[in-house]
Visitor: 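Got a structure for you, written out below as structure tokens; questions coming shortly.
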Amino acid sequence: MSRRRWTSLLAIGVLALVGVGAAPPARAAAAVPLDQLAVTTTQVAFGLQRPTSLIGVPDGRLLITEKPGRIRAFHPDTGLEAAPLLDISDRVDVSGNERGLLGIAAAPDFGTTGTVYLAYTALPDGTLTLSRVQLGDPGSEQVILTQAHAEFSNHNGGNVAFGPDGYLYWSLGDGGAADDVLATGQNLGTLLGKIVRLDVSRTCGTAAYCVPDDNPFVGQAGARPEIWTYGLRNPWKFSFDPAGGSLWIADVGQGTWEEVNHLAAGAAGANLGWSCREGEVVFNADRCVAGATYVDPVFTYRTSFEGCAVIGGHVYRGSRHADLADGTYVVTDYCSATIWGIRPTADGGHESAVLAQPDIVQPTSLGVAADGELYLINDLPGQLHRISFERKVPPVACTVSYQTQVWGTGFRANVTLTNTGSTPVDGWTVGWTFPGPQRVSSSWNTQVTQTGTTVAARNASWNGSVAPGASVTFGFLGSPGGPQPAPTAFTLNGSPCA
């Protein structure tokens, strides 16, 4: 197949996977500030055996890899299929917690060939293996590239994905154990601790792939030409943003920092620092090279405090929640299951916020369906969850002034609500509890309801919006007569007011 034909097929495949037509529609910036965005999860399937990765394909199914060496299919209309689409467990090494069938990518021509690319640890000694195979036909497998990895069973990497350039990317861990004991992170002579970039649409010599001419280390003595990015510890998950093609890499930390890196589209040869650095700090000064350029992560969190192993995700580009979450990178953690959102900012930086603390155990991967919506799988429970977004009610900042005076046989109250926050209040309800037998008889500039001693004063049709720093005043007549004590506390839309 020609390089041009392969690239064209990939472009069609990528567009189908994100649920758009011949050209991506224009996207408005997400309207909801990140600190007002929330994630909810809904379990849609169970019965998976240690799922490790998932991808969407154009017919609406999700393909899910299971650690023992099987691929399962889920469709929102029909659920999880009982029989696997492919079983290569006879060649997959599952010794140790981190070995197994780890990653999957659909070929650009998947719709006609049913071909997928797999990353797994192979029998008998855990060799990191990249291959292609047709679903339903284990005998059709063709091994493309391998990397010896017999010393230790952990740090296998294992993500595989096509980039917007039509090439296949594969992540490999640093060789395992701890502390980069094999010193591979900064060693360009090995594929360990790297993300590689391959042209799998053709062969070169005896290799089942070709090295793209613009790979950054082509022609460099002692360097493997397949390498695209290096200085990684265990890049379990990475992904490309469908809008623009930038590369997001989540690298599992040693014991202090988990990190997420964000590289511009086409950023070849980036050195992410391991094992000179972990996160933004020096880990092993002996591995640092004077004058070297290390790319800083855009997001870090503390290992053993906020989680234990970062589970990289995807930039949301679906349509269902575009007005809330478009352009938000969603990431989680294997131990804490905290879900964070990360967005680039106009000044070239990044902002982040916690989006959810779901009651989910051991998430292992996030994936994107054909319609652009996100899903999550978790390990030993073997579940599949759909991810949705909603807007959180922003925290209120307000004061309430409450004054009364004797009025005939009753009393008159004037109440002033002031918005002391930085965001407008769009619709307000001021609530309080009377300290005695007071009753509201009539009101103005508000609609008052009372149940027992509990009162709710809602905005009228003309005064529902209160800008930051602005105030709104309303009042009511009440009984009994004489001086009346003021309520001790007020709420605005259910949140306490000063």
Visitor: Given side chains that start at C-beta, do those of Thr121 and His149 come closer than 4.5 Å, heavy atoms only?
Guide: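 Result no, sub-4.5 Å side-chain heavy-atom pair not found.
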Visitor: Is any side-chain heavy atom of Leu128 closer than 4.5 Å to a side-chain heavy atom of Leu102?
Guide: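 A side-chain contact is absent here, since even the closest heavy-atom pair is not under 4.5 Å.
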Visitor: Are the side chains of His321 and Ser388 in touch, meaning some heavy atoms are under 4.5 Å apart?
Guide: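 Yes, at least one pair of side-chain atoms sits under 4.5 Å.
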Visitor: Once side chain to side chain donor-acceptor pair (under 3.5 Å) is applied, do any residues pair with His262, and if so which ones, sequence neighbours excluded?
Guide: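 In terms of side chain to side chain donor-acceptor pair (under 3.5 Å), with neighbours along the sequence ignored, His262 is linked to Ser246, Trp248, His350.
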Visitor: Going by heavy atoms in the side chains, are Ser352 and Ile342 under 4.5 Å from each other?
Guide: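 Sidechains of Ile342 and Ser352: in contact.
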Visitor: Considering only heavy atoms from C-beta outward, does the side chain of Glu373 approach that of Tyr316 to under 4.5 Å?
Guide: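 Glu373 vs Tyr316: side chains touch.
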Visitor: Can a salt bridge be assigned to the pair Asp35 and Lys392 using a cut-off of 4.0 Å between side-chain N and carboxylate O?
Guide: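 Looking at Asp35 and Lys392, the cut-off is not met.
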Visitor: Using side-chain heavy atoms (C-beta onward) and a distance below 4.5 Å, is Lys237 in contact with Ser171?
Guide: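 No, too far: nothing below the 4.5 Å cut-off.
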Visitor: Got a salt bridge between Asp379 and Lys67, using NZ or NE/NH1/NH2 to carboxylate O under 4.0 Å?
Guide: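 A salt bridge is absent here (no side-chain N lies under 4.0 Å from a carboxylate O).
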Visitor: Sequence neighbours excluded, which residues qualify as ring pair (Phe, Tyr, Trp, His ring centres under 6.0 Å) partners of His385?
Guide: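 Here no residue qualifies.
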Visitor: With a 4.0 Å cut-off, would you call Arg317 and Asp241 a salt bridge?
Guide: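 Yes, charged N to carboxylate O under 4.0 Å.
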Visitor: Give a yes or no answer on whether the side chain of Asn215 reaches the backbone of Arg197 with a donor-acceptor pair at less than 3.5 Å.
Guide: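 Pair found, side chain donor or acceptor close to backbone of Arg197.
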